[in-house]
Amino acid sequence: MNPQPELLSEKEVGLGWHPKRVVLILLIFSIVMMFAAFTSGYIVRRDEGNWREFDLPVSLLINSVLIALSSASMQWAYASARKDEIGRLKTGLGITLALGLAFLVGQYMSFGDLVAGNTYFGGADANPSGSFVYVLMGVHAFHLITGLVFVAVVLRRALNYQVHSRAMLSIGNATLYWHFLGGLWLYLYLFLLLNH
């Protein structure tokens, strides 16, 4: 079997970036712009008045720790792939998936905590302050699900020994996207903490 086709598919072209990396960077840029619009809208709407202040659930802090840990496990998986430590690569990806799923479950539970504190997304008792929190958390959760799918695909490739030091594109892209999602959540959590 000739390994050349796989090597050619991951070869950097043009300005040194693979087309798949360029697409990922454009995707990340569009997500940044979307959340910049959301957080700008949050500040503008808050300054208009009729803004209910409430405490953020403690579960959001726990979720922040989970996503930070998942970023560390993803970096470990990436470093393991670079060293051809395939067992550690698979373990790191598995831990990342587990922590990512735990984060999503934690976010769902945080929705329950918000409702228990009389903070609603919509309805007669809703306030824009609560609605914004649900939107920010929900849209981030959607993107995290796409990240989990991405990590799962890389794990499947790793199980088939298609991720190693000479085939780093898929795990490189997955790591970049996962770190971005983790950083985005930490930004959102700090933003809400300082502006709620």
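Between W51 and Y42, the angle of the ring planes goes over 60°, which puts this pair in the perpendicular group of the 30/60° scheme. Between H140 and F103, the ring planes lie perpendicular to each other; the angle is over 60°, past the 30° to 60° tilted range. Under the 30°/60° scheme for interplanar angles, the aromatic rings of Y134 and F111 are found to be tilted.
Across all non-hydrogen atoms, the minimal contact from W178 to V151 is CE3-CG2, 3.9 Å.
Between the side chains of R52 and T119, at least one donor N or O sits under 3.5 Å from an acceptor N or O. Using modelled atom types and a 3.5 Å distance limit, the side chains of Y187 and T39 yield a donor-acceptor pair. The closest side-chain donor-acceptor pair between T96 and S73 falls under 3.5 angstrom. No hydrogens or angles considered: nothing links the side chains of Y120 and S131 as a donor-acceptor pair under 3.5 Å.
Rounded to the nearest 0.5 Å, atoms CE (M137) and CG (L192) are 8.5 Å apart. The CD atom of E85 sits 10.5 Å away from the OG1 atom of T91 when rounded to the nearest 0.5 Å. Rounded to the nearest 0.5 Å, atoms OH (Y78) and NE2 (H179) are 9.0 Å apart. From L24, atom CG reaches atom CG of L176 across 5.0 Å, with rounding to the nearest 0.5 Å. Note that CG of L193 and CG of L60 are 9.5 Å apart. Values are rounded to the nearest 0.5 Å. Here OG of S129 is found 8.5 Å from CG of N50. Values are rounded to the nearest 0.5 Å.
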